[in-house]
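Take a look at the structure below.
Note that the numbering runs from 1 along the sequence shown for the chain. Values reported hereafter were calculated over all heavy atoms of this structure, with side chains retained and with hydrogens, waters and symmetry mates removed. For ligands, and for the atoms within them, numbers begin at 1 and follow the listed sequence.
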Amino acid sequence: MIYGKLSLKMRITFEEAVEELKKGGIIALPTETVYGLAASIYHPESIINIFLLKGRPADNPLIVHVSSIEQAKELMLEEPEGFKKLTKAFWPGPLTLVVPAHPSVPKSARAGLPTIGIRMPKHPLAKALIEEVGPLVAPSANLSGKPSATEPKHIEEDFGEALPLLDGGASTAGIESTILIRKEGRWHIARKGAITEEELSFVLEEEVPYLEKPEKPLCPGSHYRHYAPHAKLYPFEGQGDVIVGFSDRTYLPSMRVIEMGCLKEPASIAKGLYRALRMLDEEHIAKAWVDLDFPHTGILDAVHERLSKALKEST
Ligand code: TXA
Ligand code: MG
């Protein structure tokens, strides 16, 4: 019976999402970067379930999502230097700040660390939900190690159709938030993301170095497998039959091109990055060649970093 089958899809309404979170459930939540797997910070047992559902190592902390500066301050032990400048410029938006955690923040959310990652998402549904329910922990809504989810069908691929999902359309940025950590008295980029290094140094009026290999206790997530499809990936050097590439570049007619976006519009590449990587698995493609010949400037710096990790992980 077709309708019976369709109703198995757990697309939920905003009101159902509020109810589910308030009673300690987990839902897939749209944000402007990627979809998140959300639980209320007031339900530590559900936070543990998020780790189990994702297959996420227990020492890899989650980001807490807030809808106001007041909420953020309640989660912090003290306000680090530059907090006002950064939040004024980039919140709501794709910037996560790692700050000293207030002891009331559940240990499960911060994996026992004395710090907590906080961000205020811009997506109107995410913002409205947090206003109703309070702060939400939300890692990206993908199985640990897989590319992040930027469309509802990506979540269904990883978790099945029974997971309650609030459909907010395709994520507009398509790449995760930039994470900043304070070290030796200044902010450092712990994860490249949707806010660029150029934008950050402009606002802070100083250089914001990238922590290439942050020590594990400082940024545990950077030590785990990331962003990789099942397909084996190779750098494109003029040969190959399936190319992960660009709509405005010419490849040989015999090549099948899976487009990330167009080089003239870098934002379109960030938006289409995970969709392209996931398409390889959807189509059971065993091998693909990734076109890495593009400038590493602005948002493309983060795209290049994700693709390099995906390539490294696929070996
Ligand atoms: O755009 C995003 O940030 C998305 C959306 C859903 O908001 N979330 C996301 O979460 O990418 P996740 O869990 O996939 O990545 C969070 C990263 C991990 O690498 C984790 O190690 C780091 O944030 N992180 C969280 N809290 C931290 C802390 N206290 N210290 C250092 N790193 C932290
Ligand atoms: Mg993730």
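Closest heavy-atom approach to atom 9 (C) of ligand 1 within the set Ser140, Gly117, Ala101, Pro30: this belongs to Ser140. For atom 2 (C) of ligand 1, the choice among Ala109, Pro139, Ala38, Ser177 with the nearest heavy atom turns out to be Ser177.
Taking every non-hydrogen atom of Ile116 and a distance limit under 4.0 Å, the qualifying atoms of ligand 1 come out as 29 (N). The distance from ligand 1 to the heavy atoms of Ala138 drops below 4.0 Å at these ligand atoms: 6 (C), 8 (N), 10 (O). For ligand 1, the atoms sitting less than 4.0 Å from at least one non-hydrogen atom of Thr115 are 28 (C), 29 (N), 30 (N), numbered in the order shown with element in parentheses. Ligand-side atoms of ligand 1 in range of Ile179: 17 (C), 22 (C), 23 (O), range being under 4.0 angstrom from any heavy atom.
Lys54 contributes a side-chain N or O that, together with a main-chain N or O of Ser140, makes up a donor-acceptor pair within less than 3.5 Å. Of the possible donor and acceptor atoms, none in the side chain of Asp291 sits under 3.5 Å from a partner among the backbone N and O of Phe236.
Thr115 and Arg182 form no side-chain donor-acceptor contact under 3.5 Å, judged by distance and modelled atom types alone. In this model, a donor atom of one side chain and an acceptor atom of the other lie less than 3.5 Å apart for Glu199 and Thr196. Glu176 and Ser148 share a side-chain donor-acceptor pair at under 3.5 Å. Side-chain atoms of Asn142 and Tyr274 form no donor-acceptor pair, as typed in the model, at a separation below 3.5 Å.
Every heavy atom of Pro94 sits 4.0 Å or more from the atoms of ligand 1. Using 4.0 Å as the threshold, Arg191 has a heavy atom nearer than that to some atom of ligand 1.
In this structure, Lys85 is not positioned above the aromatic face of Phe83 in the sense of NZ or CZ being under 6.0 Å from the six-membered ring centre and within 45° of the axis.
At a 3.5 angstrom cut-off on N or O pairs, His65 counts as close to ligand 1. Backbone and side-chain nitrogen or oxygen atoms of Asn60 are examined, and one is located within less than 3.5 angstrom of a nitrogen or oxygen of ligand 1. When only interatomic distances are considered, the shortest N/O to N/O separation between Thr31 and ligand 1 does not fall below 3.5 Å.
At a threshold of 2.8 Å, the Mg ion (ligand 2) has a backbone or side-chain N, O or S atom of Ser140 nearer than that distance.
Thr96 pairs in a side-chain contact (heavy atoms from CB on, under 4.5 Å) with only one of the listed residues (Ile179, Ile195, Ile116, Val64), which is Ile179.
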